[in-house]
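Throughout, a chain's letter reflects where its sequence line sits, starting with A, and its residues are numbered from 1.
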Amino acid sequence: MHPIEITDLTKSFGEKVAVRGVTLSVPAGQVIGYIGPNGAGKTTTVKILCGMLDGFGGRVSVCGVDVAQQPLEVKRRIGYIPESAALYAMLTPLEYLQFIGTLYGLERRETERRARELLGLFGLADELDNRMSTFSKGMRQKVLIVSGLIHNPEVIFMDEPLSGLDANSAVIVKEIITRLAQRGKTVFYCSHVMDVVERVCDRIVIINDGRIIADGTFEELQAMNKAASLERIFTQLTSAGGQADVAGRFVSALEGGGPGQ
Amino acid sequence: MIALILRLFDCFSWLLRGLGVDYPQFRAILQTKLMLDVRRPRGAFAQRSNKNRNMFALTLVSLAFMGVFISPLVAKVQSPLVSLTFIHAVIMVMLAMSLLGDYSTVLLDTTDNHVLLPRPVSRRTVLFARLAHIFTYLLLITASLGAATFVVGTIVRGGAFLPAFALSLTLSVGLIVGVVSLAYLVGMRLIPEERLRDLLTYAQIVMLVVVVAGYQLVPRLVGSAVKAKLDLAAQNWIYFCPPTWMAGLVDLALGNRGAAQVVLSIEALLAPVLLLLIVSVLAPTFQPAALEGDRTNSAKRAAAGAIRQRWPAVLARLVARNPAERGAFDLVWRLAGRDRLYKLRVYPGLAFAFVFALIWMLTGAERGQTVTLGGLPQTDRHLILLYCASLAAPAALLHLRFSSQFDAAWIYSALPLYRPGEVLLGAFKAVMVRLMLPTFAVLAGIALVVWGWRVLPDVLLASVVLVLICLIEALLVGRHLPFSESAGAMESSGRTLRSMLLMPIVGGFGLAHYAIRPYPFVVLGAIPIVLLLTFACARLYQRTTWSAIPRAS
């Protein structure tokens with residue numbers, strides 16, 4: 001059984017259907033790029049996989065554990081790096097990671113060792129005892145990445161993990177993702193940044209309106225859609241085109257001569 | 001301090017483990033919460049953190065001061081059972097009001113979902129960590145309220161009083177926290193998610209009415225018991241009256257070993273434990289995330305036709321002259337009706353106005369002068385009715401600066417806004433028109449129906465005075481931009497109780513009005529004067545500059 005097994009997943013909020021029958025199986029050691037337009041159901045899928053959202057249809061198992069049955073067990077084995085840099089900014093990174101470590105049942109001293117080492121590698125060695133409220137977005141993102149990985153999870157979910165990072169740190173994180181996969185970890189990577197997905201992921205899944213509309217390696221998608229870049233493939237598959245026209249109309253709408261002038 | 005609190009909880013770790021709580025996780029969450037409270041200046045225009053701490057210390061001191069007034073009872077009334085019933089009743093009511101007004105948002109907090117939800121923490125652990133968090137604050141509040149009684153009681157009744165009273169107060173806090181959380185949990189179980197938020201507000205109002213009614217009832221029962229030299233221990237109702245349980249416990253410790261005292265003590269000890277067990281059984285239903293379901297709601301509304309209200313903008317045009325003021329009016333008007341936290345905190349305050357109006361009208365300011373409904377038109381008590389409208393104001397104004405989406409307030413500093421005072425005044429006007437006007441209109445309507453047209457001058461004067469009172473209160477509570485700060489447990493602490501300190505302002509104006517009441521022409525003549533004062537205050541408020549807005553340097 002693969003670390004991520006999704007069969008016929010459906011989820012709706014009230015009358016709005018977010019996911020309409022997704023089936024997906026991800027083997028260990030794979031970095032899978034999960035992409036789609038805004039509101040396609042990406043975040044919903046990830047939240048369900050992480051055991052944060054219940055009341056869905058279909059079968060979902062992560063690390064061989066049924067998500068609907070044992071969400072806590074799933075949460076224990078996975079790491080989640082959310083999109084928004086949401087953390088307790090009034091704490092220092094060390095305090096925050098200590099807190100997170102305790103929630104995962106890690107030993108206090110071991111948490112501290114890992115936190116110091118990991119943050120140090122990210123260049124935050126001098127910031128360990130400063131409150132994160134003074135941190136830049138990129139620095140917070142680094143703490144967030146560490147907090148999602150500190151318990152050495154088997155499956156890692158990432159939602160725009162590179163947001164706010166400078167180019168050097170982004171290179172490091174991309175390399176970390178590759179190395180994690182080499183050690184047999186599964187990485188579920190959500191992003192809107194197409195060229196990163198193109199380079200980092202072994203396999204790309206595109207969803208639109210709650211359904212999978214493409215699934216394969218970058219080369220396979222290229223061949224199927226006769227397009228060179230993932231951005232091209234993406235727009236071909238998920239929109240009626242006409243982006244240039246929309247942009248033109250957008251700019252001319254600004255010049256309408258209203259009271260805002 | 002935090003270490004001490006955690007040490008205390010460590011003593012009861014066996015109990016929490018027994019209830020199925022993951023204790024290390026529980027401890028970590030509680031510790032983090034307390035740490036954040038001390039440090040938190042979380043707001044778009046955040047204050048320095050030590051100001052929060054000082055504010056909390058000030059609250060505790062003012063509560064201790066309030067507590068001084070109830071303490072002489074222990075010495076004056078011969079029977080400890082009677083005096084302590086009264087004291088416990090007062091403290092329990094204050095606790096319940098504080099819990100409902102200030103802490104329900106801590107219990108139902110959704111802001112840390114993004115941190116806790118992805119982690120392997122059970123709902124039970126989160127629930128108990130939050131209850132412990134609230135319990136800690138209520139315990140501090142209770143200790144302040146009871147401080148004077150501790151001193152007086154120990155002097156008059158001897159050394160056994162101190163530990164017994166400490167135990168009874170702790171049990172009281174446990175009881176109140178238990179009852180309120182149980183009510184919420186049952187609500188969560190019975191009510192479908194979408195309706196839950198609205199119903200919580202109503203449930204709060206109902207609980208408030210019960211609490212206030214009890215507040216009126218107990219002193220009366222005790223008072224008549226004292227007057228009639230009744231033996232309280234021989235009464236049957238005391239076994240159903242929680243303050244008496246606690247009083248019985250202390251009485252027993254003081255050496256009055258009657259059968260009644262023993263039964264009461266058992267009740268006092270058993271009730272919180274029982275509640276804790278029931279809460280623990282219901283814990284798996286605890287689902288703060290359900291309250292977040294904004295997506296559900298918006299999807300539903302979208303299906304039912306978009307919400308597009310034009311008339312707030314039209315109204316804004318009527319009451320506000322410049323664009324910033326108009327914009328703020330429009331924004332606050334809409335958000336005040338939609339922000340869950342704001343509604344949860346302010347609507348009970350509106351209910352306050354009605355409940356107190358009814359009770360005070362019937363019982364009168366002077367004790368013992370109870371009037372039946374039919375006898376009302378002969379009295380001057382319509383003034384009580386009219387001035388009760390202003391009881392809702394402190395909550396409406398105090399809470400306006402808080403929001404769970406406080407960080408959206410960065411917009412104010414990005415806008416070309418010369419004087420933030422214009423935003424403040426616009427927000428103030430929105431609160432007045434949206435919340436105070438309907439409240440006053442209903443109360444004034446009742447006054448006119450019951451007392452007839454002859455009280456019209458009073459209604460007119462009271463209406464302008466109400467605006468003035470609210471403006472004065474707005475100036476006193478500080479100039480904070482609307483929805484620009486997040487409220488943590490510490491800032492919320494005792495806010496409901498603190499807002500009572502604003503009540504003398506209302507009382508002062510009410511008494512002045514009462515004094516000129518026999519002369520209708522004086523009443524009418526006072527209106528322009530009050531209006532003039534109101535405009536002066538409004539101008540002052542409007543001219544607030546950026547330097548007067550508290551924010552981080």
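- For a residue to count as touching a neighbouring chain, one of its non-hydrogen atoms must lie under 4.5 Å from one of that chain's; by this rule Ser12(A) does not touch chain B.
- Looking at Ile100(A), only its side chain comes within 4.5 Å of chain B, counting heavy atoms on both sides.
- Only the side chain of Glu95(A) comes within less than 4.5 Å of a heavy atom in chain B; its backbone stays farther off.
- Of the two parts of Tyr96(A), only the side chain, counted from C-beta on, holds a non-hydrogen atom closer than 4.5 Å to a non-hydrogen atom of chain B.
- Applying the side chain to side chain contact (heavy atoms under 4.5 Å, CB included) test between Glu73(A) and each of Gln70(A), Gln69(A), Lys75(A) identifies Gln70(A) as the sole match.
- Looking only at side-chain heavy atoms (C-beta outward), Arg77(A) and Pro153(A) stay at 4.5 Å or farther from each other.
- Within the structure, the salt bridge (charged side-chain N to carboxylate O under 4.0 Å, His left out) test picks out the following pairs touching residues 7-27 of chain B (sequence neighbours left out): Asp10(B)-Arg27(B).
- Here the two rings, on Phe9(B) and Phe12(B), have centers that are 6.0 Å apart or farther.
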